[in-house]
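These notes concern the structure reproduced below.
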Protein chains: 2
Amino acid sequence: MSQQRQGSTPGDAGVVPAFPDLPEATIARLPEYLRALHHLAETGAETVSSEGLAAAAGVNSAKLRKDLSHLGSYGTRGVGYDVTLLIDQVEYILGLDKNRAVCLVGVGNLGHALAGYAGFASRGFRVVALFDADQGKVGDTVNGLVVRHIDELPQVAAEESIAIGVIATPPGSAQAVADVLVAAGVTSILNFAPGVLSVPPNVDVRKVDLAIELQILSFHEHRKASLTALPGGRSAPAGNQEAVGS
Amino acid sequence: MSQQRQGSTPGDAGVVPAFPDLPEATIARLPEYLRALHHLAETGAETVSSEGLAAAAGVNSAKLRKDLSHLGSYGTRGVGYDVTLLIDQVEYILGLDKNRAVCLVGVGNLGHALAGYAGFASRGFRVVALFDADQGKVGDTVNGLVVRHIDELPQVAAEESIAIGVIATPPGSAQAVADVLVAAGVTSILNFAPGVLSVPPNVDVRKVDLAIELQILSFHEHRKASLTALPGGRSAPAGNQEAVGS
DNA sequence: CGCGATTTGTGCACGCCTTCACAAGCGCCT
DNA sequence: AGGCGCTTGTGAAGGCGTGCACAAATCGCG
């Protein structure tokens, strides 16, 4: 899955959450449902069946029904789900009704692209500040935002009440940046740098490693190649003799 | 998990794979182990214990041992794992011993960054061709590569024997690009465009949606906020009366 | 007003994955 | 050469997620 997850602040034991504790797998699919719902709303659909929404989101209809049932009963039997009602409900659960401020650290190759990524703004996230440790980049304007030095992060984070930080630095700087973010009160981090981040248990970290995705695809290429080589009849690549040999 | 997965070509039933069919969860972790191993090798370590490698990769030691046991016995009891031997073995399994050619379609904001992403080259992937449908971008040079028109994709893919394609186009163009890639013989696709791709069952698709990651973090922010609101004693956000009401 | 068509919500079983706990094996020290 | 400590590899148990299949519920029509 290529992401870290942290504990769930069991500090004040005894106080029951009073918040729908959805399965992680369901949470990970809600954004996909939301995207499909917005697409349906644009085409003027009033209601959707679980079958239709499931197809639009690329999942099984039974899975979708079970996922949605976890947030309550928002469908009508015999009819389907009210599109706009469901959109509101999913956005509420995901906390997207509040416009969330995000800061980005590391205005390199990737950070530059992330700062201008339209998909963030269109889904309720505002990138409100850019930081970098390189004085040569401080002062540059990227997508209408001025790059500030990372030393200003604590002050800016407090002013703008930033709760989510994105790390797009080289691997060597990632842990130090994470420490600064945590010290500044950031409680959610999206990390694009390879490697494992160490953070306090109340901070959530999600990791996206672009190279890992390619490596997983490479494995499947390898598997497919070794499969088609045998029945196909071309020269098989000598199996795995030099690799399996003890 | 936010990714699609396709069937496993059960066409020629009866022919046994003769390839270690690892659990998907294990495969997804192998790249992380590999990165940790390379890091250890750079520091001059000869061997690692499962405990040490697990810590470096951010997982449980029992999980790591079970994962590695699926590829065979490459550890020595009482000592640990030979770092270089394990690197070779994991790279062989992932198919990284062959230098894999990758093409990238969509040289926009994100595509520009991906074309220059150092993490690809450093892990055995060569971006050998860039494509775009916009004539205004065709001819530009990005990271030493000339952007070609997408109509040239089939020819170039055949010449360079490209098996992996990366889609970094706007959502509306993603399906059309996927169709072109599949027709050109590409059998693995890494898709950065939001939405569901429809491809033949022998093609593997992995999806990375940057906004989805933020939305998942937003959910956890929402959850954490609603948890600390109750015991803390500030004004609770009125529960979910307008949301739960039928 | 009742009936049938349709679709949601869910109990249940199955399979995958994780985690624990421990036997088996290896090297080192005496 | 023997024993001791350390580490791997794995059997078993538990938990989580998926998918099936069906009862419950709603709408529309006659």
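Labels below follow one simple rule: chain letters A, B, ... track the order of the sequence lines, proteins then strands, and each chain is numbered from 1.
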Could you list, one pair per line, each protein nitrogen or oxygen that sits under 3.5 Å from a nitrogen or oxygen of nucleotides 12-14 of chain D, together with the distance?
from   : atom 1 : to      : atom 2 : distance (Å)
D:dA12 : N6     : B:Lys66 : NZ     : 3.2

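The backbone N or O of B:Val79 sits nowhere less than 3.5 Å from a side-chain atom of B:Thr76 that would complete a donor-acceptor pair. With hydrogens and angles disregarded, a donor-acceptor distance shorter than 3.5 Å links the side chain of B:Arg100 to the backbone of B:Gly95.
Straight-line distance from the OH atom of A:Tyr74 to the P atom of C:dG9: 11 Å, rounded to whole Å. If you take CD1 of A:Ile27 and P of D:dC16, they are 13 Å apart, rounded to a whole angstrom. To the nearest angstrom, C1' of D:dT7 lies 18 Å from CD of B:Glu46. What separates CD of A:Glu51 from C1' of D:dC20 is a distance of 13 Å, to the nearest Å. In this structure, B:Asp21 atom CG and C:dG15 atom P are separated by 16 Å, rounded to whole Å. Rounded to an integer number of Å, the gap from CG of B:Asp67 to P of D:dT8 is 14 Å. In this structure, A:Leu71 atom CG and C:dT8 atom P are separated by 14 Å, rounded to whole Å. Atom-to-atom, CZ of A:Arg29 to C1' of D:dT18 comes out at 9 Å; the value is rounded to the nearest Å.
Heavy atoms of A:Ser73 sit under 4.0 angstrom from primed sugar atoms or phosphate atoms, though from no base atom.
Distance CD1/A:Ile164 to CZ/A:Phe120: 10.5 Å, rounded to 0.5 Å.
Side-chain contact between B:Leu210 and B:Val208 is present, with heavy atoms from C-beta onward closer than 4.5 Å.
Among the nucleotides D:dG17, C:dC17, C:dG9, the one closest to any side-chain atom of A:Ser69 is C:dG9. Residue A:Tyr81 has its side chain nearest to C:dG9 when only D:dT8, D:dC20, C:dG9 are considered. Nearest to the side-chain atoms of B:Asn60 among the listed nucleotides C:dT18, C:dC20, D:dT8 stands C:dC20.
Put simply, A:Lys63 has no side-chain N or O that comes within less than 4.0 Å of OP1 or OP2 on D:dG17. Between B:Ser50 and D:dT7 there is no side-chain N or O to OP1 or OP2 distance below 4.0 Å.
Counted by atom type alone, B:Asp82 and B:Thr84 present one or more donor-acceptor pairs between their side chains at under 3.5 Å.
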>> Please encode protein proximity along nucleotides 21-30 of chain D as a string of B, S and -, counting only heavy-atom distances under 4.0 Å.
In response: B--BBBS---
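Ionic pairing of B:Glu32 and B:Arg29 is not present here: no N-O contact between side-chain nitrogen and carboxylate oxygen is shorter than 4.0 angstrom. At a threshold of 4.0 Å, the pair A:Lys224-B:Asp204 counts as salt-bridged, since one of the basic side-chain nitrogens sits closer than that to a carboxylate oxygen.
Heavy-atom neighbours of A:Glu51 CD from other residues, nucleotides or ligands within 6.0 Å: at or below the threshold of 12.
Residues satisfying the side chain to side chain donor-acceptor pair (under 3.5 Å) criterion with A:His70, sequence neighbours excluded, are absent altogether.
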